[in-house]
6 protein chains.
Amino acid sequence: MAYDFQISRSLIYVGLAKEEYRPKLMDWLYRHHIPDSMSNFGPYCTKYAFYQSYPTPPTGEKFGARAMQLTEHYWLVNEHMPEMKNRSMSEFMPMDVLRWQGCLPDIDMGEQKFESGDAGRTAGGNVDCPPFIFAFVPLNWEDDFKGAGRTVEDGPNYRWQFLLQYPEGVSKEEGEKWFYEEWVPYFENCPYVNRFVSSRVSANYGAPSAQFDRCAEMWFAGEEEWKKAVDRAAKKIRKPEWAESDEFPYLRPQFNIASIFTGDMATMDAYSQYHGYITMR
Amino acid sequence: MAYDFQISRSLIYVGLAKEEYRPKLMDWLYRHHIPDSMSNFGPYCTKYAFYQSYPTPPTGEKFGARAMQLTEHYWLVNEHMPEMKNRSMSEFMPMDVLRWQGCLPDIDMGEQKFESGDAGRTAGGNVDCPPFIFAFVPLNWEDDFKGAGRTVEDGPNYRWQFLLQYPEGVSKEEGEKWFYEEWVPYFENCPYVNRFVSSRVSANYGAPSAQFDRCAEMWFAGEEEWKKAVDRAAKKIRKPEWAESDEFPYLRPQFNIASIFTGDMATMDAYSQYHGYITMR
Amino acid sequence: MAYDFQISRSLIYVGLAKEEYRPKLMDWLYRHHIPDSMSNFGPYCTKYAFYQSYPTPPTGEKFGARAMQLTEHYWLVNEHMPEMKNRSMSEFMPMDVLRWQGCLPDIDMGEQKFESGDAGRTAGGNVDCPPFIFAFVPLNWEDDFKGAGRTVEDGPNYRWQFLLQYPEGVSKEEGEKWFYEEWVPYFENCPYVNRFVSSRVSANYGAPSAQFDRCAEMWFAGEEEWKKAVDRAAKKIRKPEWAESDEFPYLRPQFNIASIFTGDMATMDAYSQYHGYITMR
Amino acid sequence: MAYDFQISRSLIYVGLAKEEYRPKLMDWLYRHHIPDSMSNFGPYCTKYAFYQSYPTPPTGEKFGARAMQLTEHYWLVNEHMPEMKNRSMSEFMPMDVLRWQGCLPDIDMGEQKFESGDAGRTAGGNVDCPPFIFAFVPLNWEDDFKGAGRTVEDGPNYRWQFLLQYPEGVSKEEGEKWFYEEWVPYFENCPYVNRFVSSRVSANYGAPSAQFDRCAEMWFAGEEEWKKAVDRAAKKIRKPEWAESDEFPYLRPQFNIASIFTGDMATMDAYSQYHGYITMR
Amino acid sequence: MAYDFQISRSLIYVGLAKEEYRPKLMDWLYRHHIPDSMSNFGPYCTKYAFYQSYPTPPTGEKFGARAMQLTEHYWLVNEHMPEMKNRSMSEFMPMDVLRWQGCLPDIDMGEQKFESGDAGRTAGGNVDCPPFIFAFVPLNWEDDFKGAGRTVEDGPNYRWQFLLQYPEGVSKEEGEKWFYEEWVPYFENCPYVNRFVSSRVSANYGAPSAQFDRCAEMWFAGEEEWKKAVDRAAKKIRKPEWAESDEFPYLRPQFNIASIFTGDMATMDAYSQYHGYITMR
Amino acid sequence: MAYDFQISRSLIYVGLAKEEYRPKLMDWLYRHHIPDSMSNFGPYCTKYAFYQSYPTPPTGEKFGARAMQLTEHYWLVNEHMPEMKNRSMSEFMPMDVLRWQGCLPDIDMGEQKFESGDAGRTAGGNVDCPPFIFAFVPLNWEDDFKGAGRTVEDGPNYRWQFLLQYPEGVSKEEGEKWFYEEWVPYFENCPYVNRFVSSRVSANYGAPSAQFDRCAEMWFAGEEEWKKAVDRAAKKIRKPEWAESDEFPYLRPQFNIASIFTGDMATMDAYSQYHGYITMR
């Protein structure tokens, strides 16, 4: 057989073009997409969870906050390899689904739908529309900067997870140097940060323009602590020569930095909580 | 035995004093309260569901929007009768839980906790702090004003559910007259309203000041349609002599009108989705 | 509150106009109807199970065999009383659903749908189309004629459950007399029958013409034993004066006798096995 | 319909004749009896839980400790009324099951089985064999003597639940007087007792000789605290004139006092944890 | 460790010697075999689903229709390797189970049982009795001939899945040539076919005579469309020189062609729907 | 990616310092540890089961009986490799947890907790305190000495599983020779033994002193048969020169031989039975 054991974790940052579309996107996600997905990847996916976004905190837009949810999978194989191309049953994916997320222009798509889920996930992400983000990271965090040993008994967490894509023309080394020399020491020492971990992104399967380099996660007591931490960071973290903006984090929101603000809990742990219409693959 | 068959539905409108407390309140609700509750009322409750609030729409504050969630139960007996007073195991309810919801002043309560869940639910609701709301309604809506026959295939819904308490000194008849003569015809005919139902409240078990009279629910395509509908209502619905405010809905938000904005779906249907640490009662 | 405790069991005998419609009816039943139903009656229904029909045995048509399934509910209240008329969300019920079951003429209904589930269930059942059957019986069988004490360890069962409606013009007393004096002694003594129980029907909520009087159930080792038992019955059971047919069982199939042939097992015990898209009522 | 709403709680104290029989009794309970039971009472039972017995503490035999488990049900109707007598499918109950529990003499019963579950539950309980105990109590405890407000956060509990049957010839009033005047004040004031509740037994459906009068439950930190509490009780609680033994608790173990020692947790909460072979009733 | 990651999908086509045996086979499959199987392969199987066969369509016998069900597994390892030979607990497999499926002569086997599940699965399949079929295929289909992109919203499907074993003496190349040159173009262009996919069989673990070469699946609106498609195929598809029959499909039914006719849905998705008596392996 | 496919089975033998601690250890295991564990290893563990210990049989102490439970996992990867070191959320593990199990001295640890679960599991096991045992074995048993083919229908089993660590200074070859030449022939031929299987331990991740060499399992009808078998073994099995004790099994209990006495059933099969507070890793 042709399959390598490629156990991995993937992160989809789901945005929302405007609040008007929340009911529509929720209906599609829960009524159509969860059973479609589980029918399809059930045999080789080991976790499929949704973490609803908390309301975007003040200035969260500068960090590319995505307002809908984090969708997280753990995989046993890489389903993007050629051997797994043919899907017996495809996911139902109207073009509007990408539009509601802000990845396509806000024009009614009528009855049009993508020929496959992958076609939808790699569409969009052009000059004005934020790209669909689908980033793969190792099972466990590569860097554990702060707060190892924290348990659920130590209190609930306001989690800020974000992805960085160093701008075009900036070498990965240069980008990483900036992250390690500026971000890491500042946030490690920041009293508002209870936990800080990070990994390199190993693969991106979203829009072609979404080639993220690094993922990091920090935990705070609440959004006020997060605000204090990033406000102070704006004064402490050096603006790189290749900055895309004058303000911290100096990166183009939604395109070069994207963020999820959420809590500890999986608001939908699909394998244990959702058992609807499961088809043969 | 002393138990009457009193099948009924109850609605708890859970607020949030500020976003800072969302992680704390979520942790308490999901990690402590769900298993505590199911351990306790499992044998006589038939549905226990959470519907997360959508972000409060513009001007939603005037309608007493509660930002956390709607908690819905269906009961077989009235657990507030004297025969059911003694609880083998009590719910873990720190006073902070009421503070995070805005029902008690925003002062750290330390380790203090209520002696029982009911003690917590009937605390607060004084002059400045919105009351804890726990309203009982019939299983099915008494009035079906518009949109009967709507199914999930007719599209997702932006649901506005609200409770009205006619102000002190206003007779229930007078309040109801205003609702039936002003609200009903306007919203029945409003093109943005897809569904409109209502019932009288049959009992209130929250804070003593929370004695709501009526519950209603309207469905819209999204928050924009809701906004248009209430903006227009402000021009069409007569301000009563006993108005508590000059602006529609003319009632004191959080105290005399309270609202939940949510979607169709139970974000947590606890009996089918949550099976944790269940104790003997 | 207005609700009486009316714990009861109901039986729906689901037919199939022709095999061509099995995929369509199955899709509607499992993908649309189960979640619609559970969303609606979840709080007052305690069991919701499907028992797939076994292939109709030879001559089963004379007994009004229904080829799709038995749908069984247990209820805590009578949801047909006026207080429960208003449904927040209706069941999605295209007219084709009744046509696929054979209750409406076999003419494509296009996009037409019933305004409510109850409207669909009481449609049809005219001169040529078999009626929709929705019969209520007591929790436990009233008469236990044979085989009390049988357990699952005594072997699997081929279950024949059937409903009798004594023909128009025949008094219930006369019909019952025939059942007790002819059917009961014959089948009690029939060596192929391992179990035989029966009850009066207490209410019918299907098509107006479906006013069944009695329900009975017999268990056999397999369809061959059933065939031998009914073949012999044809010689032993007296044809009543009011017979609608010259052959045993002397009743008009689908209209005055209807049958389900099935096994012991619930092929879908929905509350324990299906948790899909659950809405607020 | 004939059914009264009789919501109630029942307690079965399952003993074990000797350790040799534990694998056999466990196999029967979990492999045969849980699915049999759920198939049968699923529609009118709302909780079905097992609490495994902790190892019997020193001197626990004097209190009639039952070594297997507490089986707890919550019911909506009284299934012992005549209308519910006929069971479509019976429980598989070999006579050995009662023997393994110690309710019948320890003689191999071969293939013999009871004709019904109720026949088994009312068998035995003669001069030497402890009776099968099946006692009904109100949903909530009638008396709350000590420790109201205790939550799971206050620490795990060693639970001692026991049933008292005042000896033949002793009036219920006399027995109750002794309980209220001797047991209650002593254990209320005992520093080892964290919680103390009690109710009268409302009905007994086990062996005819098992007509228990009262149920009580006390919680301790562990078995050592229990031991200290009962050792001291032996010196403080007055021996009644009608004592059956010279030692505290002065009652015939297994017959006039029976005890379960267990923890907080339902080791099997069958409705949420066990979904096997479910039959039609 | 010795285990290779061999993620794969397997297909068991379960037949039924005659309808008389359906209750017996169902009882064994659901009451005995599901818990036995899950206890055994739970740690290395990721999907275990049953798809009940639809009634065999007219002329379906010529295609080797199997009347009971398709049993589908997805595996992480190859449990037929020597390292996995020793089973702590074996599957309960009476010889009758193979007889009821038609794989052994129809003679009562009494109490005889196979020493292991594998012994049963490789028994039979002699001159007259159809072989037990247990074929392995890749996770996704190798060839996607028609209908890619079809979703559940495009309508329910009547699924025809079949296995081909080119007759003895015919080289695999020759057989495949016939399939690709005759079957593929005809069915690709057939208007009744909505979907058509296929893969080579990678391994066979059923009866020694069941060495299938190819698996294919086609979807139709219903059995009538299937019938039209195969009737027309009989005129269009060339009979090979090595035909085993004069009629299309020119192969010996049950031995060289076997078919399952079923719907989209898993009628039992065991990991999410069945949790009974699980033992230690 | 760095992960090898290392599917394996692990065994944790959980002891209990004294009965007093059972409620505390149970509370920690079920209320804290199960959700912590599933949150952490959910994506790469395929079975997580508890088997409660049966009461220790007479002389069971000489065999190092552990009184709490067997905890069994099946893994897809080796989570002890460096790439999996960083845990987003740690397990809540107070030092008392090890003390209650007897692995640390019986001194109140107050609020102290381990910095990680692994730190706890490798603590203790010094001169006087039995070590924490965490042994890895192949998926299936390497040696099948007796009773192959036994099924659940052959009767319930009293299972004795034990681990052997040949004493310091004894070569593995020498130890194994003794096991194969003395234990194997005796127990193979012992009439009380219904099943006997064994494997080498492939890795140990518990306390450094717990380096077990071999695991074996035997099944009996009950504890009386076990007792007879080991009593007779004491006369038949040769005492090795390097014996640590004069009595069979000649090994230091808890350190060089440890045993679990349990039944067939998983008393908690966590993935199918427990779905509580699941966090993001």
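Scope of the values below: all heavy atoms of this structure, side chains included, with no hydrogens, waters or symmetry mates. Below, chains carry the letters A, B, ... as their sequence lines are ordered, and counting in each starts from 1.
- Contact check for B:Arg22 versus A:Pro55: side-chain heavy atoms found under the 4.5 Å cut-off.
- Side chain of B:Glu223 to backbone of A:Glu20: no donor-acceptor contact under 3.5 angstrom is found.
- Interface residue A:Glu225: backbone and side-chain heavy atoms are both found under 4.5 Å from chain B.
- Within 6.0 Å of atom CD in A:Glu115, 12 or fewer heavy atoms from other residues, nucleotides or ligands are found, so the atom counts as exposed in its surroundings.
- Among A:Asp27, A:Thr262, A:Asp269, the residue making the largest number of heavy-atom pairs under 4.5 Å with chain B is A:Asp27.
- With a 4.5 Å cut-off on non-hydrogen atoms, A:Asn157 touches chain B through its backbone but not through its side chain.
- Between chain A and the residues B:His275, B:Met268, B:Met265, the most heavy-atom pairs under 4.5 angstrom are made by B:Met265.
- Residues B:Thr267 and A:Gln52 meet the side-chain proximity criterion, which asks for heavy atoms closer than 4.5 Å.
- Counting heavy atoms from C-beta on, the side chains of A:Ser272 and B:Gln273 never come closer than 4.5 Å.
- For A:Lys227, no part lies near chain B; criterion is any non-hydrogen pair under 4.5 Å.
- A salt bridge links B:Lys18 to A:Glu224: one of the charged nitrogens lies within less than 4.0 Å of a carboxylate oxygen.
- Note on B:Trp28, B:Trp226, B:Tyr30, B:Tyr21: by heavy-atom pairs under 4.5 Å with chain A, the leading option is B:Tyr30.
- Looking at A:Arg31, only its side chain comes within 4.5 Å of chain B, counting heavy atoms on both sides.
- Nearest heavy-atom pair across B:Pro23 and A:Pro156 is O-CB, 3.4 Å.
- A:Met26 has its side chain within reach of B:Tyr54: a pair of non-hydrogen atoms, C-beta onward, lies under 4.5 Å apart.
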